Every structure is written in C-alpha cells, then in structure tokens.
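Report on the structure given below.
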Amino acid sequence: MAKQISTETQNEAMKVAKATQKPGQTKEQTRLIALGIEKGIAEYKKQQKSKARDRDKSRKQDIKAKARAAEAEVNDDVEVDTSTKGNGLPWALLVISWLGFIAYTFLLA
C-alpha cells in the first residue's frame with residue numbers, strides 16, 4: 001500500500017534530476033533518477049512528520065506534568081492551611097472547658 005507522492009514533490013524531483021543531468025544521459029535515466037529523488041523526498045517528509053509528532057507529544061506531556069505539579073502544590077498548600085487551623089480549635093476548647101471547670105468549682109466553694 002504505497003501512498004501517492006504529491007505532484008509538487010514530483011515536479012521538485014524532476015527539476016533536481018534535470019539540474020544534475022549529465023551529457024548523454026537518456027530521458028529514461030533522468031526519469032529513474034527523479035523517481036529516486038521523489039522517494040528520498042517522501043522519506044524525508046515522513047521522518048519530519050514523525051519528529052514533529054514526537055515533539056508535540058513530548059510538549060503536551062510536559063504541559064500536563066507541569067499542570068499536575070502545580071495542582072499538587074496547590075493541594076499541599078490547602079492541606080497545610082487546614083491542618084494548622086484545625087490544631088488550634090481543640091486546644092482552645094480544652095482551655096475554655098478547664099477555665100469553666102475551675103470557675104465552677106470556685107463559685108461553689
């Protein structure tokens with residue numbers, strides 16, 4: 001299942017083949033050289049597309065990793081804030097209850 005080579009690539013390959021044509025070279029030889037150049041151009045384009053896909057995939061993974069790191073950092077900050085605020089309440093209730101107990105015992109005595 002070979003893919004069709006674009007006419008632009010074919011024209012470009014023929015120009016290069018004619019530019020490098022040697023004296024006494026037949027049209028058939030020039031055409032065969034042009035076919036080889038077409039295959040080379042097609043292979044080069046395929047490699048460049050593959051590299052572009054890999055770069056894009058890598059870039060997207062980097063973006064996702066940064067987003068996850070930022071989200072984790074925000075979640076850590078939220079957890080730290082709630083843990084520091086939560087520790088004060090039980091202590092405050094304990095102190096109030098002891099003060100109330102002491103005040104109650106002195107008022108009854």
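Note that the structure is a prediction, hence the values are computed from the model and not measured. Residue numbers count from 1 along this sequence.
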Identify the two heavy atoms, one from [X] and one from [Y], that lie closest to each other, and give their separation to 0.1 Å.
X	Y	answer
G24	Q29	O-OE1, 4.4 Å
R31	E28	NH2-OE2, 2.6 Å
Q21	T26	NE2-O, 4.5 Å

**Message:** If you apply the rule side-chain contact (heavy atoms from CB on, under 4.5 Å), what do you find for S50 with D54, and how did you get there?
**Reply:** CA-CA 6 Å; S50 175; D54 291 343; 4.0 Å; yes
**Request:** Quick one: which residue pairs count as a salt bridge (Lys or Arg N to Asp or Glu O under 4.0 Å) with a foot in residues 43-52, not counting sequence neighbours?
**Result:**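 Pairs touching residues 43-52 that pass the test: E43-K46.
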**Item:** Side chains of S58 and D62 in contact at under 4.5 Å (non-hydrogen atoms)
**Value:**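 Result yes, sub-4.5 Å side-chain heavy-atom pair found.
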Is there a path from [X] to [Y] through hydrophobic residues (I, L, V, M, F, W, Y) whose side chains come within less than 4.5 Å of each other?
X	Y	value
L35	I37	no
I41	V16	yes
F101	W91	yes

**Request:** Would you sort out whether K60 and D56 count as a salt bridge (Lys or Arg N to Asp or Glu O under 4.0 Å), showing the intermediate values?
**Result:** CA-CA 6 Å; K60 286 181 181 178; D56 190 46; 3.6 Å; yes
**Message:** Using the rule given for salt bridge (Lys or Arg N to Asp or Glu O under 4.0 Å), can you reason through E12 versus K15, listing the C-alpha separation, both sets of side-chain angles and the distance that settles it, and then say yes or no?
**Reply:** CA-CA 5 Å; E12 187 178 335; K15 285 179 186 177; over 6 Å; no
From [X] [atom1] over to [Y] [atom2], what is the distance, rounded to the nearest 0.5 angstrom?
X	Y	atom1	atom2	answer
L89	L94	CG	CG	11.0 Å
Q48	R55	CD	CZ	7.0 Å
K64	E71	NZ	CD	13.5 Å

**Item:** Donor-acceptor contact below 3.5 Å, side chain N11 vs main chain T7
**Value:**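 Flag set: sc N11 to bb T7 pair under 3.5 Å.
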